[in-house]
Protein chains: 2
Amino acid sequence: MIQEKKRTFNVFAASKGLRSTRQRDNILDVFLATHQHVSVEELYLKVKAVSQGVGQATVYRTLKLFVEAGLAREILLHDGQTRYEHVLAGEHHDHLVCTGCNSIIEFENETIEQLQDEIAARHGFMIRSHKLEIYGLCSRCRT
Amino acid sequence: MIQEKKRTFNVFAASKGLRSTRQRDNILDVFLATHQHVSVEELYLKVKAVSQGVGQATVYRTLKLFVEAGLAREILLHDGQTRYEHVLAGEHHDHLVCTGCNSIIEFENETIEQLQDEIAARHGFMIRSHKLEIYGLCSRCRT
DNA sequence: CTAAAAATGAAAATGAGTATCAAAAGCAGG
DNA sequence: CCTGCTTTTGATACTCATTTTCATTTTTAG
Ligand SMILES: [Mn+2]
Ligand SMILES: [Mn+2]
Ligand SMILES: [Zn+2]
Ligand SMILES: [Zn+2]
């Protein structure tokens, strides 16, 4: 699966005429080895630990490339930091976000997705993307 | 209804031991007279037009009080500016956001809300709030 | 009225993200 | 492998919304 994603990125890079660099390889390796919902800063620190000499700017730039290539998704929660998560082709999910311990539970609900389509249709609206975030306390954080 | 909201804020202020100031009164008046989804900067400019000598910091601080008091809701779209909208007691709605013209269509869907409750229950999660934003193009912006 | 506490606002600080640009690295053709 | 051209990088400067600071003003209880 990791190989699969690397191939996806290489195909994307080739189609865009992007050059192959040590930095992008490093960042992709670290990203693929990382758990979901990483902030740019977190990823930057991990990359730096693995290989000296990768700048923050490059991490920012490269994550945007991953999004363009379709292997990452940008997530904006309420903590002022952009996070990135893995995306499997065609997969989609939404989030339960615990404000107590910052943990995230993922879920999928086909009915909600369908209802969104209906709502959009009713308003002549063409959906490009959506986000559904439910904030509250996870079972461990409830008193 | 405006009186109702002012009363709500006064009750809140009293319960919190907040002092009554000209600035907060001004900001509340302007906010209540304003259309939905105002950015802080927009509100600040309107307030300044009405009464000299209200600082930005106070507008920022006061809007947070309105949220605490339950008469405003914070909205974070993807334009880097925090916006505030009116909240009627017990009312809730979500948003279709046009990325073409930045217009916002509001909608309510009871079934989606119920499904969220079910999902949360299934995970032992206690919902405090949620946001559902659908991004795309409104009927006028579709080509 | 008066003293203590809260509120204000100008200005400085913060912090995530972006732009700049000189230097380094990748690449295609010879 | 050179060579020359283009892309990429990264240190640094910058942007811009929001927050903090703190001296001064305002509110309020007594
Ligand atoms: Mn996720
Ligand atoms: Mn709204
Ligand atoms: Zn939790
Ligand atoms: Zn539009």
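Protein chains get the first letters and strands the later ones, always in sequence-line order, with residue 1 at the start of each. Computation of the quantities below employed the complete heavy-atom set of this structure, encompassing side-chain atoms and omitting hydrogens, waters and symmetry-equivalent molecules.
Regarding contacts with the backbone of D:dT27, every side-chain N or O of B:S20 stays at 4.0 angstrom or more from both OP1 and OP2. Using a 4.0 Å cut-off, some side-chain N or O of B:Q23 falls inside it from OP1 or OP2 of C:dG9. In this structure, A:Q56 does not reach the D:dG10 phosphate: none of its side-chain N or O atoms is under 4.0 Å from OP1 or OP2. Using a 4.0 Å cut-off, some side-chain N or O of B:T82 falls inside it from OP1 or OP2 of D:dT18. When the side-chain nitrogen and oxygen atoms of B:T58 are compared with OP1 and OP2 of C:dG9, one or more of them lie within a distance under 4.0 Å. B:K64 has a side-chain polar atom (N or O) that falls below the 4.0 Å cut-off from OP1 or OP2 of D:dT19.
For the pair A:K48 NZ and D:dT9 P, the interatomic distance rounds to 17 Å; values are reported in whole Å. The separation between A:L18 atom CG and C:dA28 atom P is 13 Å, rounded to whole Å. Rounded to an integer number of Å, the gap from CG of A:D25 to C1' of C:dG26 is 12 Å. The separation between B:Q52 atom CD and D:dT25 atom P is 18 Å, rounded to whole Å. Rounded to an integer number of Å, the gap from A:I27 CD1 to D:dT8 C1' is 11 Å. Between B:Y44 atom OH and D:dA17 atom P there is a gap of 13 Å when expressed in whole angstrom units. As a whole-Å value, the separation of A:R61 CZ from D:dG10 P is 8 Å. C:dA16 atom P lies 12 Å from atom CD of A:E42, rounded to whole Å.
Nearer the 5' end of DNA chain D, as judged by each residue's closest nucleotide, is the contact made by A:R19, out of B:Q81 and A:R19. Comparing B:A57 and A:A57 along DNA chain D, the residue whose closest nucleotide (by nearest heavy atom) sits nearer the 5' end is A:A57.
B:G17 comes within 4.0 angstrom of nothing in the nucleic acid, heavy atoms only. Counting non-hydrogen atoms under 4.0 angstrom, B:K16 reaches nothing in the nucleic acid.
A donor N or O paired with an acceptor N or O is not found under 3.5 Å between the base of C:dA25 and the side-chain atoms of A:R22. Donor-acceptor pairing under 3.5 Å, judged by distance alone, is absent between the side chain of A:R24 and the base of D:dT8.
Of the N and O atoms on the side chains of A:Q81 and A:E42, not one donor lies less than 3.5 Å from an acceptor on the other residue.
Ion pair A:K6/A:E4 not flagged as a salt bridge, since none of the NZ, NE, NH1 or NH2 atoms sits closer than 4.0 Å to an Asp/Glu carboxylate oxygen. Looking at A:E85 and A:R83, no side-chain N of the basic residue comes within less than 4.0 Å of a carboxylate O on the acidic one, giving no salt bridge.
Between A:F66 and A:F9, the gap from one ring centroid to the other is short of 6.0 Å. Checked against a 6.0 Å centroid threshold, the rings of A:H93 and A:H95 count as neighbours. No close placement of the A:Y84 and A:H37 rings is indicated, their centers lying 6.0 Å or farther apart.
Closest to the A:V54 side chain, of the nucleotides D:dG10, D:dT26, D:dT18, is D:dG10. Relative to the side chain of A:Y60, the nucleotides C:dG26, C:dA16, D:dA11 differ in distance, and C:dA16 lies closest.
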